[in-house]
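A note on names: the letters A, B, ... follow the listed sequences, proteins ahead of strands, and every chain is numbered from 1. Any value given below was found using the heavy atoms of this structure, including those in side chains, with hydrogens, waters and symmetry copies removed.
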2 protein chains.
Amino acid sequence: MAQMRRPTMTDVAREVGVTAKTVSRVLNDDGPVAIETRERVMEAVRKLGYQPNLMARNMRVGARDAAIGLVIPEMGNPFFGMVAGGIESVVRARGLTLIVGSSSETADLEQSLIATFLARRVSALMVVPSATSDHRHLRTERVAGLPIVFLDRPAVGLTADCVVSANREGARAGVAHLIAHGHRRIGFIGDLPATLYTRRERFQGYRDALDHAGLPFDRALVETGHDQEAAQAAALRLLSLPVPPTALFAGNNLASMGAVLALSRSGRKDVALVGFDDLPLAECLDPPLTVVAQDPVGMGVAAAELMLSRLDGDKSKARRALVPTRLLIRGSGEVPASR
Amino acid sequence: MAQMRRPTMTDVAREVGVTAKTVSRVLNDDGPVAIETRERVMEAVRKLGYQPNLMARNMRVGARDAAIGLVIPEMGNPFFGMVAGGIESVVRARGLTLIVGSSSETADLEQSLIATFLARRVSALMVVPSATSDHRHLRTERVAGLPIVFLDRPAVGLTADCVVSANREGARAGVAHLIAHGHRRIGFIGDLPATLYTRRERFQGYRDALDHAGLPFDRALVETGHDQEAAQAAALRLLSLPVPPTALFAGNNLASMGAVLALSRSGRKDVALVGFDDLPLAECLDPPLTVVAQDPVGMGVAAAELMLSRLDGDKSKARRALVPTRLLIRGSGEVPASR
DNA sequence: TTGTAAGCGTTATCAC
DNA sequence: GTGATAACGCTTACAA
């Protein structure tokens, strides 16, 4: 069966015996239409299975597409999924459609995704930058007035709105919690390259807490693990130091999982652990995992609202919004310092 | 600052002193262009920050948008995120862009999302149906030749391609595993309304395993929990039956988490548990959780490949593809039946 | 209440 | 090699 040509507004008009403009009037509730004509048009629309062509409409109207382009590093990561969910709930209420694409955490894909969004004339752009990207190329769009909001990590080489977790404050609170339970040697397991924004901020929070308590900083207590396995190895290395830490602070969810695995496999229940970012089964662990929880949905909502205010003409200068974190006390962070 | 008009192809042409068609030729590598003209055009493109307008292009070419529309019930659920990731890796290799929207598990939103995708003239539609939806309205599109693939759950009221987990076989294997460890009374904790496809299939698998082993079916052993909390309560009800089960089978990830919580909070290490669908920290639990793992990425890949073959003209009749599951033995499923 | 003409930003066709 | 013209499906402005 040949791919049938899709019916156009003109087809509908011909079917009814009117002109395209009349059909347009009916469909957009624009101008006056005889009630009988209206009904015959609607009938023909149903009969032919007519679907208006949004591309043609947008082009004529000169409006941007009623869509918001969102770039996230990874679809499978629930953190970004929840961010997207938060955004969607807000934009949907305004009749906007969220279009999501994933960059696989590479700068090239991020840029080409952004390009296809721009080519589709989305009404706004929301970007969770990948680790190595640069956003100078968006300067033209910014001055042209396109709302652009960055999430989770700020833009690089571009002054623009952004919404991020209170990484530094959150990490500080988590580490201070450990210190309050008597720990003086606390290992830090970071995730991505030390150059990454979130890594840097959380590490600063760690330093802040130590400084505030007057504890010395020991370089040997800082390790890196890019994925769950690497984080597990990192935790084990820390625990086998000559003078090992009595507590661990994990810099993100993967690092937490690695640390949990390391502790559980080596049967160490005497080591305290606080993780940055919550995990689904955290309360089912033994001991239940104490975390500095982020608020991905709240981040999405905040970013979307900022974006909408820009769309509504707010021309004030670029803002950086902080989404607060919450310390969830469950057990693992309250293990006292062993002697 | 006034919202500048975005430069068009004609603007670029004027800048160079040629006609729009020539610019078009350069940008699409179409027809012959003097090498020097080409360079001057590229220069002007950079200078003006020209971005081609995909809407106008698609309209003229009469082609569909090089985008694939995907509807999922929920962005924050990692299962669907990974499905989307699988799809994207496949379609990206073909130069197609994946557009994702979420229906919040409601039929209305699902339908309106599909409508906006159709209005944007996507090249294909991929849908994870929400619990109550009906797809008769897509019949016109189907006969018009638009590729439509359903994932995780089949279409309702429409014959169409679909890719689903081997739910029945997987559940059968999981329950058989419990039976092999001596269990004769096995509780079933289902998730969503019993009418839902996945719930029905997995329940059938449970029945199959019992039948195959010659074990009686006891209605009292079947419970329902729509979310983690409800599932936890369901598990507790099962365990306090006059003749309680010695093992539990959880019908999805939320049900598993509820069951894990119930067992861990009541300190019951004598009850075996197998869950359908894997969980991130499953191996960190005590005991580590044995699951019937699905393959969400594989499901996305399979569905995307099926979709592409349709796009390439495969007109054969609608197929239903099964994505195999895998029993991951970790501990909780091997707890022997306590007499 | 309805129709006509023009144009949105592209590309196909055919001429130069 | 390059340009002029028309057309894609729709809406705006104006006329009937």
At under 4.0 Å between heavy atoms, how does the protein contact nucleotides 11-16 of chain D? Give one character per nucleotide, 5' to 3', with B, S or -.
BB----

Whole Å only: how far is the [atom1] atom of [X] from the [atom2] atom of [N]?
X        : N      : atom1 : atom2 : value
Asn53(B) : dG9(D) : CG    : P     : 16 Å
Ile35(A) : dT2(C) : CD1   : P     : 11 Å
Glu39(A) : dT1(C) : CD    : P     : 14 Å
Asn58(A) : dG7(C) : CG    : C1'   : 16 Å
Met59(B) : dG9(C) : CE    : P     : 11 Å
Met55(B) : dG9(D) : CE    : C1'   : 13 Å
Leu54(A) : dC8(C) : CG    : C1'   : 15 Å
Leu27(B) : dT2(D) : CG    : P     : 15 Å

How long is the gap from CD1 on Ile72(B) to OG on Ser130(B), to the nearest 0.5 Å?
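The OG atom of Ser130(B) is 12.5 Å from CD1 of Ile72(B), to the nearest 0.5 Å.
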
Do [X] and [Y] meet the criterion of a side-chain donor-acceptor pair at a distance under 3.5 Å?
X         : Y         : value
Ser316(B) : Arg319(B) : yes
Glu88(B)  : Ser102(A) : yes
His135(A) : Glu141(A) : no

Using the side-chain heavy atoms of Thr19(B), tell me which of these nucleotides is nearest: dT1(C), dG3(D), dG9(C).
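Of dT1(C), dG3(D), dG9(C), dG3(D) is nearest to the side chain of Thr19(B).
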
Taking 4.0 angstrom as the limit, do Asp29(B) and Arg38(B) come out as a salt bridge?
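Looking at Asp29(B) and Arg38(B), the cut-off is met.
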
Whether Thr10(B) contacts dT10(C) is assessed here as follows: a side-chain N or O lying under 4.0 Å from the phosphate OP1 or OP2. Is that the case?
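No.
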
Does Thr22(A) have a side-chain nitrogen or oxygen under 4.0 Å from the phosphate oxygens OP1 or OP2 of dT1(C)?
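For Thr22(A), the contact criterion (side-chain N or O under 4.0 Å from OP1 or OP2 of dT1(C)) is not met.
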
Mind listing the closest non-hydrogen atom pair of Met126(A) and Leu151(A) along with its distance?
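That closest heavy-atom pairing would be CB-CD1, 3.9 Å.
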
For the student: nearest non-hydrogen atoms of Leu27(B) and Met9(B), plus distance
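It is CD2-CE, 4.1 Å.
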
Reference residue Val12(A); test side-chain contact (heavy atoms from CB on, under 4.5 Å); the match among Val18(A), Val26(A), Leu48(A)
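Passing option: Leu48(A).
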
Quick check on side-chain contact (heavy atoms from CB on, under 4.5 Å): which of Asn58(B), Leu54(B), Asn53(B) does Arg120(A) satisfy it with?
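So, applying the side-chain contact (heavy atoms from CB on, under 4.5 Å) to Arg120(A) and each of Asn58(B), Leu54(B), Asn53(B), only Leu54(B) qualifies.
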
Taking five pairs at each end, how big is the angle between the two axes of the helix from dT1(C)-dA16(D) to dC16(C)-dG1(D), to 10°?
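Result, rounded to 10 degrees: 40°.
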
Evaluate the side-chain proximity of Arg320(A) to Asp161(A): yes if any heavy-atom separation is below 4.5 Å, no if none is.
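Side-chain contact under 4.5 Å: no.
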
Are side-chain heavy atoms of Gln111(B) and Ser133(B) found at a separation under 4.5 Å?
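Side-chain contact under 4.5 Å: no.
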
Residue-level proximity of residues 112-121 of chain B to DNA chain C when a heavy atom falls under 4.0 Å:
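Those residues: none at all.
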
